[in-house]
Amino acid sequence: MGYYTYYYTYGLPTFVVIIIALYLLFTGSGEAFNVGRFLEESSPYVWASTGIGLSIGLSVLGAGWGIFITGASILGGGVRAPRITTKNLISIIFCEVVAIYGVIMGIVYSAKLAPVAEHLLYTRENYFTGYALFWGGLTVGMCNLLCGVSVGITGSTAAISDAADPNLFVKILVVEVFGSIMGLFGLIVGLLMIGAASDFTAASTTAQLAGAGVKQAVRAAASPYVL
């Protein structure tokens, strides 16, 4: 069973990619693997919106996963020791805070979005903003996902330990607090990543002709691939 899982997870996709790459190479279409062209042809709005979605989605996933893990242990341990159900709810709160981090960053990132005409969108500044929002959102989302799982597992252990020995609850709670700080680190890093990113702005729409009072419309020309 493990062999087939490994094959279909790693072996088959790698084989398919190699076959496609060799086909394109020997048929004279090797330039299709142009990562730079893909990055430049993709709209900055796509990268920004994906980053915002990852920030909120992964954070909520981490919070839900953590609540699932620790909530099951609290309910299970509460059957034998009902006293643990109230004070162990703090673990649920820690998990929920992880989702709030993601929502906060999503709101902050969405403030960078502004409507821009397509032919004036592809500028260096807008590319930078789009990529910054994408990688910032991914960083925040992954940090909060791991934070939620960490807090959930630690909260589960705290509930089980509290049911067995009440003196262990505070000691494990300290570990849980330090685990929840990882989400705050992700929020800070996400803010730093977009610190130099400006709002989406249109390219200069007019160019003053030398020696004349005539204005000529121009296009954003940051990428040679965007027509």
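Residue numbers start at 1 and run along the sequence shown.
- A 4.5 Å side-chain heavy-atom check between N126 and T201 finds at least one atom pair inside the cut-off.
- For W47 against S42, the heavy-atom pair with the smallest separation is NE1-CB, 3.3 Å.
- Scored by the side-chain contact (heavy atoms from CB on, under 4.5 Å) test, V16 finds L12, I20 as partners (sequence neighbours excluded).
- Side-chain contacts under 4.5 Å among hydrophobic residues (ILVMFWY), followed directly or transitively, place I92 together with I67, I74, L89.
- With sequence neighbours left out, the side chain to side chain donor-acceptor pair (under 3.5 Å) criterion links D162 to R83, K87, N88.
- Closest heavy-atom contact between G106 and S55: N-OG, 4.1 Å.
- The side-chain hydrogen bond (donor to acceptor under 3.5 Å, both in side chains) contacts involving residues 98-112 comprise nothing, where partners must be two or more places apart or lie in separate chains.
- In terms of the salt bridge (charged side-chain N to carboxylate O under 4.0 Å, His left out) criterion, K171 has no residue partners (sequence neighbours excluded).
- Grouped by direct or indirect side-chain proximity (heavy atoms under 4.5 Å, Ile/Leu/Val/Met/Phe/Trp/Tyr only), L22 sits with I18, F26.
- Here the CD1 atom belonging to I69 is positioned 9.5 Å from the OG1 atom belonging to T157, to the nearest 0.5 angstrom.
- The distance from the CG atom of L133 to the CG atom of L113 is 6.5 Å, given to the nearest 0.5 Å.
- For the atom pair T70 OG1 and W65 CH2, the distance stands at 15.0 Å (nearest 0.5 Å).
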Could you give the side-chain donor-acceptor pairs of residues 142-156 under 3.5 Å, partners two or more places apart or in another chain?
{"from": "N144", "atom 1": "ND2", "to": "S59", "atom 2": "OG", "distance (Å)": "2.8"}
{"from": "N144", "atom 1": "ND2", "to": "V140", "atom 2": "O", "distance (Å)": "3.2"}
{"from": "T154", "atom 1": "OG1", "to": "S150", "atom 2": "O", "distance (Å)": "2.8"}
{"from": "S156", "atom 1": "OG", "to": "S73", "atom 2": "OG", "distance (Å)": "2.3"}

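- Note that the CH2 atom of W135 and the OG1 atom of T139 stand 8.0 Å from one another [nearest 0.5 Å].
- Linking ILVMFWY side-chain heavy atoms closer than 4.5 Å, directly or via other members, places L61 and I56 in a single hydrophobic cluster.
- Under a hydrophobic clustering in which Ile, Leu, Val, Met, Phe, Trp and Tyr are joined whenever their side-chain heavy atoms come within less than 4.5 Å, directly or via other members, F94 and I100 fall into different clusters.
- For the pair T129 (side chain) and D199 (backbone), a donor-acceptor distance under 3.5 Å is absent.
- Residues meeting the side-chain contact (heavy atoms from CB on, under 4.5 Å) test with N167, sequence neighbours left out: D165.
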Would you be so kind as to tabulate the donor-acceptor pairs closer than 3.5 Å made by side chains of residues 174-195, with sequence neighbours excluded?
{"from": "E176", "atom 1": "OE1", "to": "S91", "atom 2": "OG", "distance (Å)": "3.2"}
{"from": "E176", "atom 1": "OE2", "to": "S91", "atom 2": "OG", "distance (Å)": "2.8"}
{"from": "S180", "atom 1": "OG", "to": "V177", "atom 2": "O", "distance (Å)": "2.6"}

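- F68 and I160 sit in two unconnected hydrophobic clusters of ILVMFWY residues. Membership requires side-chain heavy atoms under 4.5 Å apart, directly or through other members.
- Sorted by first and then second residue, the side-chain hydrogen bond (donor to acceptor under 3.5 Å, both in side chains) pairs involving residues 185-197 (not counting sequence neighbours) form an empty list.
- By the 4.5 Å side-chain criterion applied to Ile, Leu, Val, Met, Phe, Trp and Tyr, L75 is assigned to no cluster and stands alone.
- Residues V98 and V60 are members of separate hydrophobic clusters, defined by side-chain heavy-atom contacts under 4.5 angstrom among Ile, Leu, Val, Met, Phe, Trp and Tyr.
- In terms of the side-chain contact (heavy atoms from CB on, under 4.5 Å) criterion, residue partners of S43 (sequence neighbours excluded) are, by chain and number, Y45, V46, L121, Y122.
- Remark: L54 CG to S49 OG distance equals 11.0 Å, nearest 0.5 Å.
- Contact record, V116 with A202: CG1-CA, 3.6 Å, taken as the closest heavy-atom pair.
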